[in-house]
Student: 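Input: one structure, supplied below.
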Amino acid sequence: MRRRLIALLKTRGRNVFASQKDADVFLAPGRADPAEAMRSPKSESFREDASMEHIYCRGALTELLKYGPRDLHAAAKTSNPPRVLILIIPGNPGVVGFYKTFMWTLFQAFNRQYPVWSVGHAGHCAPPDSMDMVEDASVMDDDVFGLNGQIEHKLAFLSEHVPRDTHLVLVGHSIGCYIILQIMKRNPELKVIKSVLLFPVIERMACTPQGQVMTPVLCRLRYAVYLPVFLLSLLPEKLKAGLVHLALRTVYSLDTIVIPATVSLINVDCIGNAMYMGSQEMRLVLERDNSTIRQHLNKLIFYYGATDDWCPVQYYCDMRRDFPEGDIHLCERGLRHAFVLDAGEEMANMTTEWIRDDLRGLKQ
């Protein structure tokens, strides 16, 4: 049904603006262009070092962001191959651009010694001109855009793009933490040194304050979102950037690197796939997987938010009670669940300290 609705919107929609200049009337005279905010010297350095790629994985369009070597199989044949990959598994929506500051800080913290990659969720990015959302619909894996499909998608990515003898530091955010636990459960042969689970959404998701609000939206009302998203997608890029900047105006120290990532989500296919995945999260993320946690506890670090409506403090207390020997932290810095908006660097510096000894031990 969703695919038919999206096709209908695209067929009957038309661009209501003739050119980019039409957007200028919506910007007050003398006001800074939000798109220009993306072109800070800091963001330029991100672009110099980062590699953004689009590939097909399990038949679905996938966005990658890479700092360091772009091809680990080729790098493995060099005289000094990288022994470790730091891999970021995002939350939902799984847009890798949100994590640029976080990834850059990690990459710099270890003197660019270890590649830092992020693999986006299948179908959460707009296709470049030369690609479609799916490689071949007739042979695509079933339900790759669902929660289980996204887990298998990450396992396939690791199998295809990461040499088997590479040591892994996995960093998950939100539902990415659930995916990491499933990765470790389904492929115990992976050489995981440490998994850092940030604001972990790993249990009773629909029961959380935010889950109670979003469950009816994602499970029963998500089709109503497609039309306004489609209409917004017709706007010029400059105007979309302005609207995003306006929507995020309450974030005091906003990292402007997230603006283009947010603009990229103003796409019916991306939003549709993200909301479909979210609807499955509400139904499938139920009881905490204590067995997997217990099996890998010495490799896990949990970081809970103190004001997180996706994983309340009670979940932190339950974890501390059930796993008193675990490395389980409660935020004391006032960081929000969506830390990428304003605290990517701070969160990366904390992550660096958590994993530094493990990486140092690997070198000895």
Side-chain angles (χ1 to χ4, degrees), residues 3 46-78 81-82 84-100 102-104 107 114-166 168-173 175-176 179-180 182-183 186-187 190 260-261 263-265 267-274 276-277:
R3 297 294 177 194
F46 288 140
R47 280 197 287 271
E48 285 177 13
D49 292 280
S51 168
M52 186 76 80
E53 301 176 16
H54 292 87
I55 63 170
Y56 289 114
C57 185
R58 292 191 82 224
L61 184 69
T62 305
E63 191 173 51
L64 309 176
L65 181 63
K66 299 178 179 180
Y67 287 98
R70 297 176 59 177
D71 185 337
L72 290 184
H73 287 291
K77 300 175 183 178
T78 63
V84 177
L85 170 65
I86 301 175
L87 183 65
I88 316 301
I89 307 295
N92 184 5
V95 178
V96 295
F98 285 124
Y99 298 85
K100 272 190 173 182
F102 179 78
M103 294 172 63
W104 167 257
F107 188 52
Y114 306 117
V116 180
W117 289 7
S118 180
V119 52
H121 296 322
H124 287 209
C125 57
D129 292 339
S130 60
M131 302 177 75
D132 296 315
M133 188 61 79
V134 297
E135 186 173 18
D136 185 347
S138 64
V139 298
M140 191 180 72
D141 290 305
D142 291 338
D143 203 23
V144 68
F145 302 123
L147 180 57
N148 184 67
Q150 296 287 3
I151 297 166
E152 291 298 324
H153 172 264
K154 306 306 177 291
L155 287 166
F157 173 80
L158 286 166
S159 176
E160 295 170 16
H161 297 276
V162 181
R164 294 182 62 182
D165 59 349
T166 302
L168 296 170
V169 174
L170 302 177
V171 182
H173 175 217
I175 194 62
I179 292 174
I180 284 178
Q182 287 296 310
I183 287 173
R186 299 185 193 191
N187 190 351
L190 289 172
V263 169
S264 73
L265 277 171
N267 175 285
V268 180
D269 285 321
C270 298
I271 288 294
N273 290 332
Y276 173 64
M277 177 181 172

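When reading the values below, keep in mind they use all heavy atoms of this one structure, side chains included, and skip hydrogens, waters and symmetry mates. Please read all numbers here as calculations on a predicted model, not as lab measurements.
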Student: Are Arg70 and Glu53 within salt-bridge range, i.e. N to O under 4.0 Å?
Tutor: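 The answer is yes: the pair qualifies as a salt bridge.
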Student: Quick one: ring-ring contact (aromatic ring centres under 6.0 Å, His included) partners of Tyr99, sequence neighbours excluded?
Tutor: His173
Student: What distance do Leu64 atom CG and Ile55 atom CD1 have between them, rounded to the nearest 0.5 Å?
Tutor: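 The CG atom of Leu64 sits 4.5 Å away from the CD1 atom of Ile55.
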Student: Donor-acceptor pairs under 3.5 angstrom involving side-chain atoms of residues 117-126: please list them, not counting sequence neighbours.
Tutor:
from	atom 1	to	atom 2	distance (Å)
Trp117	NE1	Pro69	O	3.1
Ser118	OG	Ile88	O	3.3
His121	ND1	Lys154	NZ	3.1
His121	NE2	Pro90	O	3.1
His121	NE2	Gly91	O	2.9
His124	ND1	Gly94	N	2.9

Student: Search all heavy atoms of Met131 against all heavy atoms of Leu61 and return the closest pair with its distance.
Tutor: CE-CD1, 3.5 Å
Student: Can you give me the closest heavy-atom contact between Ala75 and Pro82, atom names plus distance?
Tutor: CB-CD, 3.7 Å
Student: Restricting to non-hydrogen atoms, name the atom on Val84 and the atom on Tyr114 that form the minimum distance, rounded to 0.1 Å.
Tutor: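 Looking at all heavy atoms of both residues, the closest pair is CB-CD2, 3.6 Å.
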Student: Within the 4.5 Å heavy-atom criterion, are Met103 and Val96 side-chain neighbours or not?
Tutor: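 No; the side chains remain at least 4.5 Å from each other.
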Student: For the CD atom of Gln150 and the CG atom of Asn92, what is their distance to the nearest 0.5 Å?
Tutor: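 Here the interatomic distance stands at 8.0 Å.
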Student: Hey, are the side chains of Asp132 and Tyr56 touching, using non-hydrogen atoms and a 4.5 Å cut-off?
Tutor: yes
Student: To check you understand the geometry: which heavy-atom pair defines the closest contact between Thr62 and His153, and what is its length?
Tutor: OG1-NE2, 2.7 Å
Student: Please round to the nearest 0.5 Å and tell me the distance separating atom CG of Leu147 and atom CD1 of Ile179.
Tutor: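 Taking CG in Leu147 and CD1 in Ile179, the distance rounds to 6.0 Å.
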Student: Between His161 and Leu72, does the side-chain contact (heavy atoms from CB on, under 4.5 Å) criterion hold? Intermediate values first, please.
Tutor: CA-CA 7 Å; His161 297 276; Leu72 290 184; over 6 Å; no
Student: Could you tell me if the side chain of Val134 sits less than 4.5 Å from the side chain of Val144, heavy atoms only?
Tutor: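 Heavy-atom side-chain distance check fails, nothing below 4.5 Å.
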Student: Any side-chain to backbone donor/acceptor pair from Asp71 onto His73? Under 3.5 Å, distance only.
Tutor: yes
Student: Measuring from Ile86:CD1 to Tyr67:OH, what's the distance to the nearest 0.5 Å?
Tutor: 13.0 Å
Student: Can you tell me how far the CG atom of Leu87 sits from the CZ atom of Phe157, to the nearest 0.5 Å?
Tutor: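 These two atoms lie 6.0 Å from each other.
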Student: Where do Leu85 and Pro115 come nearest, in terms of heavy atoms and distance?
Tutor: CD1-O, 3.6 Å
Student: Using every non-hydrogen atom in the two residues, find where Asp269 and Asn267 come nearest and quote the distance to one decimal.
Tutor: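 Minimum heavy-atom contact is N-OD1, 2.9 Å.
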Student: Nearest 0.5 angstrom please: Gln182 CD to Leu155 CG, how far?
Tutor: 9.0 Å
Student: Short question: side chain of Asn187, backbone of Ile183 - any donor-acceptor pair under 3.5 Å?
Tutor: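 Checked: no pair found.
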